[in-house]
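First the structure, in the form of structure tokens, and then the observations on it.
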There are 2 protein chains.
Amino acid sequence: MAVTLADVAARAGVSSATVSRVLNGNYPVAGSTRERVRRAVAELDYVVNGQARALAAASSDLVGVLVNDVADPFFGLIASALQREIAAGPGRLPGDGKLAVVCNTGGSPEAELTYLTLLERQRAAGVVLTGGAVEDRQHTAAVTARLARLAASGTRIVLCGRPPLPDAGAEITTIAFDNRGGARRLTEHLLSLGHRRIGCVAGPLERSTTRHRLEGHRAALAAYGLAPEVAAGEEFRDLPGRPVVHGGYDRSSGYDGALELLRKDPAVTAIVAANDTAALGVCAALRDRGLSVPGDVSVAGFDDLPFSVDAAPALTTVRIPLQEAGARAGRLVLGRSAPPPGAMATVATELMVRGSTAPPSGSAR
Amino acid sequence: MAVTLADVAARAGVSSATVSRVLNGNYPVAGSTRERVRRAVAELDYVVNGQARALAAASSDLVGVLVNDVADPFFGLIASALQREIAAGPGRLPGDGKLAVVCNTGGSPEAELTYLTLLERQRAAGVVLTGGAVEDRQHTAAVTARLARLAASGTRIVLCGRPPLPDAGAEITTIAFDNRGGARRLTEHLLSLGHRRIGCVAGPLERSTTRHRLEGHRAALAAYGLAPEVAAGEEFRDLPGRPVVHGGYDRSSGYDGALELLRKDPAVTAIVAANDTAALGVCAALRDRGLSVPGDVSVAGFDDLPFSVDAAPALTTVRIPLQEAGARAGRLVLGRSAPPPGAMATVATELMVRGSTAPPSGSAR
DNA sequence: CTGTTAGCGCATTCAA
DNA sequence: TTGAATGCGCTAACAG
């Protein structure tokens, strides 16, 4: 049987309440008593029962972090920074610090809801949802309802890298990424190099991240008169004429997507990928087709994941400060930093021009 | 205030015990009663309180997964597969399924112990420790003691990718990686290509993974008569004469390590890196020094992380089936699969020869 | 400053 | 098949 508070109390010759006070340090206790209790704790190798504590105090030291895929560096970087932030730091008590529960949804809406239930059941202190949202009215409503309830019961909610949930009340803080702006600058870069037939190997259309990146892309094209403007409020849709294919955010989606794109439009001189991982797949497909990057086709990624700089050629991409965002989400979910005005902050993105993009081959006239 | 069992019971016109029975389904309840309870649960949006349940039942649905760094794909792949395995699957009840708590130790022994305390406090159902261990007698003893206590209190312990803990009793199952064999085959590959001056940009010497890989490396050299055999039981140590430098498992360690290595021994024709990530850094350093890979220097990695195939040139490396290992660890920690004989299994590694290794330039005679 | 007393919400006896 | 009663280990009033 495990050692309990009562055992420690007996050993130290005090009441269990006193032991509790010493442990939590939130109440005055005489120095000598404290010493005696400390010794008893050490001698018995006592470890608090978190469940009992949580039950009695109606609080918990669990923070849930929902990610699409831990194995994806995009989420890994966010989660890692977040966890570093909420774990016990140097100045804080040992054993203080929250436990981050990293939950892999695999991008599945059902898994997302399941994990939210599990976290609600654990009375989590906070929940952070990372990455793009699935844009399905019904699912959004379900998530919103769940989050609203969690927030109402005192759980802090932070959205990191996903659009705000307007109907969920002001309880929910959002850290959004400027995917639209980044994508726009990226496409402008390609246009300024002289590219006119730019293909997209995009992510799944139902994800907000995909949509925002495509909107940015379209805005750049529109500025060059190559596509109609998208009116505000209008639902986004792929233009029938344009070379766009959809897939996942993984390498093989990039590979397959590039092949499909070349089939649809063999004349593309540049390809914008869903993210860096997919861009690697695009490059591999082009290589296998005997096309050189950027000689025959320029390729651009997104996110600026660590390996992008080591790809061949190094990937032109859009940098998102994932670690900073994760750390900030960590501070917010602990209530250690004040929410931004409007409960919403947008993280800027930065165009990183590298070797995978160049003027189209015909442009050396 | 949150809805409790009692609320549901009142609504359904039964006792709370009955509701509990319906929820857990481990006791006969009349069909009509069950239906009534189910409806009350749904109407009230009731969610079990995990803490209270755990306290009363003396069990929990948390599984701790200790990793050095979530942002590192090595750990990401293990954690992702593990979590997929322990989460509620299709055939299982919704709300069943354990929560994986991924804990980032950052490679720090103190953090490792802190997290073990936190998990013990949560009365975790299981704990998986992944990746190489820090080989410090005192720390090993402390971890062993902690794990033995956890095991004694019913927590299942699995070691994944780290050597077995002999003194901890048979309660602990180990899934070890054959780092030694893989490293040996890798070095043999280089030797068979004709390399004789092979440098190592290794990981931290105090980590078991580093040591095992260096031992395999040395064994290959010894087989070619290029280094003395290491006697069994002898403590491993770097040979004074050999070009070996130590660093971390990250890219910049690889970069810095390669520069240092070139300073120590400009004549190396091949470099074995701590892992693939470090290998990318090594390649970058060589490139910056005007050396070509594999023209001037061959480079090899370890782990076969996803990006290795897209590096320029593609990395020769040693594949570890991380996902399979993670999934297996998941099954073991749930007790869903029987432990291997001797409570220990070794996962085979496989040499992957790609473009980053070639015969030394002088060998074309 | 310290001890006593009630629960926190649930699972699980023991009766009925 | 169901209900009443008890306790899991701890925190938080409330006294002293």
Side-chain angles (χ1 to χ4, degrees), chain A residues 1-38 40-41 44-62 95-96 118 120-125 153-154, chain B residues 1-38 40-41 44-61 95-96 117-118 120-125 153-154:
Chain A
M1 210 48 222
V3 181
T4 74
L5 245 205
D7 299 333
V8 177
R11 172 111 184 185
V14 297
S15 77
S16 60
T18 302
V19 179
S20 170
R21 285 166 190 142
V22 172
L23 258 36
N24 293 304
N26 51 4
Y27 219 81
V29 173
S32 64
T33 316
R34 181 169 31 222
E35 219 15 77
R36 226 155 6 108
V37 170
R38 287 251 167 83
V41 166
L44 295 176
D45 259 341
Y46 171 72
V47 176
V48 196
N49 183 323
Q51 336 270 16
R53 165 182 286 183
L55 182 57
S59 76
S60 129
D61 49 3
L62 254 40
D96 187 22
L118 243 41
E120 181 171 359
R121 178 185 296 181
Q122 294 297 330
R123 305 297 187 259
S153 70
Chain B
M1 211 47 224
V3 181
T4 74
L5 246 204
D7 298 333
V8 177
R11 173 109 184 185
V14 298
S15 76
S16 60
T18 302
V19 179
S20 170
R21 285 168 189 142
V22 172
L23 258 36
N24 293 304
N26 51 5
Y27 218 81
V29 174
S32 64
T33 317
R34 180 168 34 221
E35 218 17 77
R36 227 156 4 110
V37 171
R38 288 253 166 83
V41 166
L44 294 176
D45 260 340
Y46 170 73
V47 176
V48 195
N49 183 322
Q51 337 269 16
R53 165 181 284 185
L55 182 57
S59 76
S60 129
D61 50 3
D96 186 22
T117 302
L118 243 42
E120 181 171 359
R121 179 186 296 182
Q122 295 297 329
R123 305 298 187 256
S153 71

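First the proteins, then the strands, lettered A, B, ... as listed; each starts at 1.
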task = Quickly work out the A:Leu23 CG to D:dG9 P distance and round it to whole Å.
result = 15 Å
request  = Taking side-chain contact (heavy atoms from CB on, under 4.5 Å) as the test, write out the residues that go with B:Arg21, two or more places apart.
outcome  = B:Ala17, B:Thr18, B:Tyr27, B:Val29
ask   = Is there a donor-acceptor pair closer than 3.5 Å between any side-chain N or O of B:Gln51 and the backbone N or O of A:Gln122?
value = yes
query = For the side-chain contact (heavy atoms from CB on, under 4.5 Å) test, which of B:Arg121, B:Arg123, B:Glu120 pairs with A:Asn49?
reply = B:Arg123
message = With nearest nucleotide decided by heavy atoms, which residue, B:Arg36 or B:Arg123, maps closer to the 5′ end of DNA chain D?
response = B:Arg36
query = Can you name the side-chain hydrogen bond (donor to acceptor under 3.5 Å, both in side chains) partners of A:Arg34, sequence neighbours left out?
reply = none
task = Just call it for A:Val14: base, sugar-phosphate, or nothing, with non-hydrogen atoms closer than 4.0 Å on any strand.
result = sugar-phosphate
task = For B:Leu5, report the nucleic acid contact type (base, sugar-phosphate, nothing); a contact means any heavy atom under 4.0 Å.
result = sugar-phosphate
key: Sequence-distant partners of A:Ser20, side-chain hydrogen bond (donor to acceptor under 3.5 Å, both in side chains), two or more places apart   = A:Asn24
note = Here the pair of heavy atoms bringing B:Thr4 nearest to B:Tyr46 is C-CE1, 3.5 Å
request  = Would you indicate whether the side-chain heavy atoms of A:Val14 and A:Val19 approach each other to under 4.5 Å?
outcome  = yes
Distances under 3.5 Å only, N/O to N/O: pair up the protein atoms with those of nucleotides 12-16 of chain D.
from, atom 1, to, atom 2, distance (Å)
D:dA13, N6, A:Arg21, NH2, 2.9

query = Which whole-number value in Å describes the distance from A:Asn49 CG to C:dC8 P?
reply = 18 Å
task = With sequence neighbours left out, write down each residue that passes side-chain contact (heavy atoms from CB on, under 4.5 Å) with A:Ala56, or none if nothing qualifies.
result = none
ask   = D:dG9 C1' sits how many Å from B:Gln122 CD, rounded?
value = 13 Å
key: Of A:Gln51 and B:Val29, the one whose closest DNA chain D nucleotide lies more 5'   = B:Val29
request  = Describe, as an angle rounded to 10 degrees, how the axis at the first end of the helix from C:dC1-D:dG16 to C:dA16-D:dT1 is tilted relative to the axis at the last end, five pairs per end.
outcome  = 30°
D:dT2 phosphate, OP1 or OP2, under 4.0 Å from B:Ser15 side-chain N/O = no
key: Nearest listed nucleotide, side chain of A:Arg53, among D:dT2, C:dT2, D:dT11   = D:dT11
key: Nearest to side-chain heavy atoms of A:Tyr46, which nucleotide of C:dA11, D:dC10, D:dG3   = D:dC10
ask   = Atom CG of B:Leu55 to atom C1' of D:dT11: distance rounded to whole Å?
value = 12 Å
task = Indicate the atoms forming the closest heavy-atom contact of B:Ala12 with B:Val37, along with that distance.
result = CB-CA, 4.0 Å
